Peer 1: 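Take this structure, written in structure tokens, and hold onto it; I'll ask about it next.
Since we're looking at a predicted model, the values are computed, not measured.
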2 protein chains.
Amino acid sequence: MKNQLAKKEMPASELLALATYRISKVHSKLNAQAAYILRKEAGLNLVQWRILAWLNAFGPKVPSSDIINKVNMDKGLFSRSLKTLVSEEFIVADADDLDQRRQLLSLSDKGNEIYGQVITIMRKRQKHLLHDVTDTEKAALFSALEKLELNAERRDF
Amino acid sequence: MKNQLAKKEMPASELLALATYRISKVHSKLNAQAAYILRKEAGLNLVQWRILAWLNAFGPKVPSSDIINKVNMDKGLFSRSLKTLVSEEFIVADADDLDQRRQLLSLSDKGNEIYGQVITIMRKRQKHLLHDVTDTEKAALFSALEKLELNAERRDF
DNA sequence: TCAGTTTTCTTGACGGGTCAACCAACTTAT
DNA sequence: ATAAGTTGGTTGACCCGTCAAGAAAACTGA
């Protein structure tokens, strides 16, 4: 009986050591940092920035679905954020003659410009974030994250 | 000029490789998994569960501020979630004679029971999450996460 | 004693993020 | 040709998470 109870107690140290807890803390701090930089440097929020970056990566004249499917982004969130990006003219949306449902998205000149400004800072940030992480740590980090991601997809275990 | 332009382009592969992006994806999948389990097994949401777990860890008769300060939890979020946990009688809140502002929180019997049920599953989950992560990977993961967390706190770099 | 400050907790407001319903356009199979 | 199903995109609803304002109680120092 004593043992059964003991099994259920969890000291604070154990909680603090949980991978899930650590990741969630890191995630929120990374988010806060990125949001701060984007707001200060470009008046963008995280979602808007991500869309600009993916659009730059996937080239011009891309339909929303391409980005949504390749990236892990919610359709609704994308749709709403896109609307403001188009209205602020960071992105131009051309009709697709082959499929009337779609719009082909491209960065505007203005969008390209701000992307260029921000990506420079973001590269510096990435460097800073990892500057004291060794190569072996980096490799292990990525491999561990990959495993975690896969294991997080299962609902039965 | 060509070089300057080249510097600004970012292929999808580079984006996908960003530590920030990977962590955010892992984080969202971990969240979804935990939310699923908690909803199915106990009808709890993540915040409620975290409060129960911390309360179990920090012992009975704890004021809210103790948890809020030790953990990184928003006061407002805590306050709102606590209200429902108390109204559903997972937690009992006793008056503190020494400080009329505070309430001393403890898990109720019902709260303890559900905590016991859930923690068993959560331990199994943690095991599953890390089952194929080697010890060296684990060590590197934690060390890298710690560095990232620190580096994410700086606003100038 | 009592004005000023600090601490504890609540509340409001708002953006981020997920889920599901839905519509319109397109595709497939018969 | 057309019914059935799929895909692309929008919208509404809702929870999570953060921030800031503020009420109430407690503390501090003249």
Peer 1: For A/Leu98 and A/Asn72, take the nucleotide of DNA chain C holding the closest heavy atom to each; which residue's nucleotide lies nearer the 5' end?
Peer 2: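 Checking each residue's closest nucleotide, the 5'-ward one belongs to A/Asn72.
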Peer 1: Ignoring backbone atoms, test whether A/Arg39 places a side-chain nitrogen or oxygen under 4.0 Å from the OP1 or OP2 oxygen of C/dG15.
Peer 2: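 No.
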Peer 1: A/Arg101 has a side chain; which of D/dC16, D/dT7, C/dT7 sits nearest to it?
Peer 2: D/dT7
Peer 1: Ignoring backbone atoms, establish whether B/Ser79 has a side-chain N or O less than 4.0 Å from OP1 or OP2 of C/dT11.
Peer 2: no
Peer 1: Inspect the surroundings of NZ in A/Lys127 and state if more than 12 heavy atoms from other residues, nucleotides or ligands are less than 6.0 Å away.
Peer 2: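 Atom NZ in A/Lys127 is not packed in, count stays at 12 or less.
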Peer 1: Looking at A/Asn31, does any N or O in its side chain come under 4.0 Å of the phosphate oxygens OP1/OP2 on C/dG16?
Peer 2: no
Peer 1: Taking atom P of C/dT8 as reference, at what distance in whole Å does atom CZ of B/Phe78 sit?
Peer 2: 13 Å
Peer 1: Starting from P on D/dC16, measure out to CG on B/Leu38 and report it in whole angstrom.
Peer 2: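 After rounding, the gap between these two atoms is 11 Å.
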Peer 1: For B/Thr84, is there any backbone N or O sitting under 3.5 Å from a side-chain donor or acceptor partner on B/Gln48?
Peer 2: no
Peer 1: Quick check: on DNA chain D, is the nucleotide nearest A/Ser64 upstream (toward 5') of the one nearest B/Asp99, or the reverse? Name the residue that is more 5'.
Peer 2: A/Ser64
Peer 1: Taking OP1 and OP2 of D/dG17, is either one under 4.0 Å from a side-chain nitrogen or oxygen of B/Arg50?
Peer 2: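 For D/dG17, OP1/OP2 do have a side-chain N/O of B/Arg50 under 4.0 Å.
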Peer 1: Starting at atom CG of A/Asn45, determine the distance to atom P of D/dG17, rounded to an integer number of angstrom.
Peer 2: 18 Å
Peer 1: So, under a plain 3.5 Å distance rule, would you say the side chain of A/Arg80 forms a donor-acceptor pair with the base of D/dG9?
Peer 2: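 No, the side chain and the base share no sub-3.5 Å donor-acceptor pair.
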Peer 1: Starting from C1' on C/dT7, measure out to CG on B/Asn69 and report it in whole angstrom.
Peer 2: 10 Å
Peer 1: Would you say B/Ser28 reaches C/dG17's phosphate, i.e. side-chain N/O to OP1/OP2 under 4.0 Å?
Peer 2: no
Peer 1: What integer distance in Å separates B/Lys29:NZ from C/dG17:P?
Peer 2: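 Between P of C/dG17 and NZ of B/Lys29: 16 Å.
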Peer 1: Look only at the side chain of B/Ser106 and the backbone of B/Val92, and say whether a donor-acceptor pair between them is shorter than 3.5 Å.
Peer 2: no
Peer 1: If you check the A/Arg102 side chain, which of C/dG17, D/dG9, D/dA13 turns out closest?
Peer 2: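 Of the candidates, D/dG9 comes closest.
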Peer 1: 5'-most contact on DNA chain D: B/Asp97 or B/His27, nearest heavy atom basis?
Peer 2: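 Going by which nucleotide is closer to the 5' end, it is B/His27.
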Peer 1: Could you check how far CG of A/Leu77 sits from P of D/dT11, rounded to whole Å?
Peer 2: 14 Å
Peer 1: Over how many whole Å does the gap from B/Lys75 atom NZ to D/dG22 atom P extend?
Peer 2: 13 Å
Peer 1: Checking B/Ser64 against B/Gln103 for the side-chain hydrogen bond (donor to acceptor under 3.5 Å, both in side chains) test, could you report, in this order, the C-alpha distance in whole Å, the side-chain angles of both residues, the deciding distance, and whether it holds?
Peer 2: CA-CA 7 Å; B/Ser64 297; B/Gln103 290 185 316; over 6 Å; no
Peer 1: Please confirm whether A/Trp54 and B/Tyr21 have ring centers closer than 6.0 angstrom.
Peer 2: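 They qualify: ring centres under 6.0 Å apart.
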Peer 1: Take a 6.0 Å sphere around NZ of A/Lys61 and say whether it holds more than 12 heavy atoms from other residues, nucleotides or ligands.
Peer 2: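 Not more than 12 within 6.0 Å, no.
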Peer 1: For C/dT11, does OP1 or OP2 lie under 4.0 Å from any side-chain N or O of B/Lys83?
Peer 2: yes
Peer 1: Which residue lies toward the 5' end of DNA chain C, A/Met73 or A/Asp96, if each is placed at its nearest nucleotide?
Peer 2: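 This one resolves to A/Met73.
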Peer 1: Starting at atom CG of B/Leu104, determine the distance to atom P of C/dT8, rounded to an integer number of angstrom.
Peer 2: 12 Å
